[in-house]
Structure formats: C-alpha cells, structure tokens
J.: 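Structure below; questions to follow.
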Amino acid sequence: MEISDKLLCLFSADVTVEDDRYVVEVPRREIETGSVGAGETYRVALIAADEEEEEAETASTTGSPSEPQPPVETNEVRYVEIEDIGKQGDGIARVERGYVIIVPGADIGDRVKVEITEVKSNFAVGEIIEADV
C-alpha cells in the first residue's frame, strides 16, 4: 500500500453510530501534539484491518490501540534540521506528525545526521553523528 507524503497522523479507531451519522473519533493526542487542528477539514481514509493485523497491533502496543506509535526507532539514523532550542539548550527537530527529536549540542538552522539513542511516546533523543549535511 502506498502512503501519501501528506499524511498528518495515523491511528486506529472504531466507527460508531450517533443519531443519523457515523463517527470516527480522533484521539486527543493527535490534536494536542500532532499536526491536526480542531475545527479544520481533512480527508479521511479508512482501511479495514484483518484479525491478524489487529492482534499484532494490540500485542505490540503498550497503550491504547488508538495511540500513535513513535515514527522513529532506537538506533535509526535520520537527517534532521534543528527548528528550535529547548529549555535546557538542546536542539529541537520535528519529523512526522510533529514528533520531536531532541538533539544535544545542535543550534537552530543546523542540518545534522543523528542516530536515535532513546525513544519515548512523545519525543526521542538523537546523537549527532555528522554535522552540516
């Protein structure tokens, strides 16, 4: 299956009936930390999950199946651009869905190659392995 580069978020949800319409709920986390805004209009694609996919997804997630998983993995190498500086002076890069990668030792505007050393649900930490890329 081909996924568009315009993808803002990806999550699992149930379709429910409410009066004379069907409803797909967007997790609060997508509004608060992602690129999705309340009151905006978006295109929605629904993909049927077979039972094997649902079982694998449920077994591999630590939280609710509707929570998105981090778009990076430990030891993954990424090229990022530093967009901001955090409270402790570390560089901040954003990747898919606005997910944050903290890069110690980087400054705004730096383009760096990083190796992901730590992954959390809402941010990751990357170590610079090559600067000015």
Side-chain angles (χ1 to χ4, degrees):
M1 174 186 339
E2 190 171 322
I3 307 272
S4 169
D5 290 338
K6 296 179 182 180
L7 179 70
L8 297 176
C9 64
L10 181 63
F11 57 90
S12 296
D14 294 323
V15 177
T16 58
V17 178
E18 189 175 289
D19 297 323
D20 63 340
R21 61 190 174 141
Y22 294 92
V23 177
V24 176
E25 291 186 16
V26 176
R28 176 180 301 275
R29 179 182 190 151
E30 293 298 332
I31 304 296
E32 293 174 350
T33 64
S35 301
V36 178
E40 299 293 324
T41 301
Y42 299 95
R43 292 175 58 189
V44 176
L46 300 175
I47 303 169
D50 61 30
E51 289 181 28
E52 287 180 20
E53 285 179 1
E54 282 185 356
E55 288 173 12
E57 182 176 303
T58 302
S60 68
T61 58
T62 54
S64 158
S66 65
E67 290 182 15
Q69 295 301 303
V72 298
E73 296 179 0
T74 303
N75 300 322
E76 180 178 344
V77 174
R78 285 280 186 127
Y79 293 89
V80 297
E81 183 170 349
I82 305 304
E83 302 174 9
D84 206 351
I85 296 294
K87 293 177 183 176
Q88 298 179 348
D90 297 326
I92 303 290
R94 289 180 180 81
V95 293
E96 297 91 281
R97 300 185 323 265
Y99 186 83
V100 170
I101 299 178
I102 298 171
V103 184
D107 292 317
I108 293 176
D110 287 355
R111 292 182 177 166
V112 295
K113 181 178 180 181
V114 298
E115 180 176 352
I116 305 301
T117 57
E118 183 179 352
V119 177
K120 301 290 185 184
S121 63
N122 56 346
F123 74 94
V125 177
E127 179 181 316
I128 297 174
I129 56 177
E130 188 177 333
D132 298 322
V133 293

J.: Could you pull out all residues at least two apart from E83 that satisfy salt bridge (Lys or Arg N to Asp or Glu O under 4.0 Å)?
T.: R94

J.: Taking all non-hydrogen atoms of both residues, which atom of P70 and which atom of Y99 are closest, and how far apart?
T.: CB-OH, 3.6 Å

J.: K87: what forms a salt bridge (Lys or Arg N to Asp or Glu O under 4.0 Å) with it, not counting sequence neighbours?
T.: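 Listed in chain order: nothing, the list is empty.
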
J.: Would you list the pairs meeting salt bridge (Lys or Arg N to Asp or Glu O under 4.0 Å) in which at least one residue belongs to residues 11-24, sequence neighbours left out?
T.: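 Output for this query lists E18-R21.
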
J.: Remaining members of V77's ILVMFWY cluster at a side-chain heavy-atom cut-off under 4.5 Å?
T.: I129

J.: Hydrophobic cluster mates of I108, side-chain heavy atoms under 4.5 angstrom, ILVMFWY only, any path?
T.: I85

J.: Over all heavy atoms of both residues, which pair between I82 and A93 is shortest? Give the atoms and the distance, please.
T.: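 The answer is CD1-CB, 4.2 Å.
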
J.: Which residues, ordered by chain and number, are linked to I92 in its hydrophobic cluster, where ILVMFWY side chains connect at heavy-atom gaps below 4.5 Å, directly or through other members?
T.: V100, I102, F123, V125

J.: Under the side chain to side chain contact (heavy atoms under 4.5 Å, CB included) test, which residues partner Y79, sequence neighbours left out?
T.: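 With neighbours one apart ignored, the set is K113, V133.
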
J.: What's the spacing between D107 CG and D84 CG if we round to 0.5 Å?
T.: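 These two atoms lie 11.5 Å from each other.
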
J.: Once side chain to side chain contact (heavy atoms under 4.5 Å, CB included) is applied, do any residues pair with V15, and if so which ones, sequence neighbours excluded?
T.: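 For V15 the side chain to side chain contact (heavy atoms under 4.5 Å, CB included) partners, ignoring immediate neighbours, are Y22, V24.
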
J.: Where do D90 and P104 come nearest, in terms of heavy atoms and distance?
T.: OD1-CA, 3.5 Å

J.: Who are the side chain to side chain donor-acceptor pair (under 3.5 Å) partners of E81, not counting sequence neighbours?
T.: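 Residues passing side chain to side chain donor-acceptor pair (under 3.5 Å) with E81: R111.
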
J.: How would you list, by chain and number, every residue that makes a side chain to side chain contact (heavy atoms under 4.5 Å, CB included) with E76, sequence neighbours excluded?
T.: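 Counting only residues at least two positions away or on another chain, E76 forms a side chain to side chain contact (heavy atoms under 4.5 Å, CB included) with V72, E73, R78, I116.
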
J.: Once salt bridge (Lys or Arg N to Asp or Glu O under 4.0 Å) is applied, do any residues pair with E25, and if so which ones, sequence neighbours excluded?
T.: none

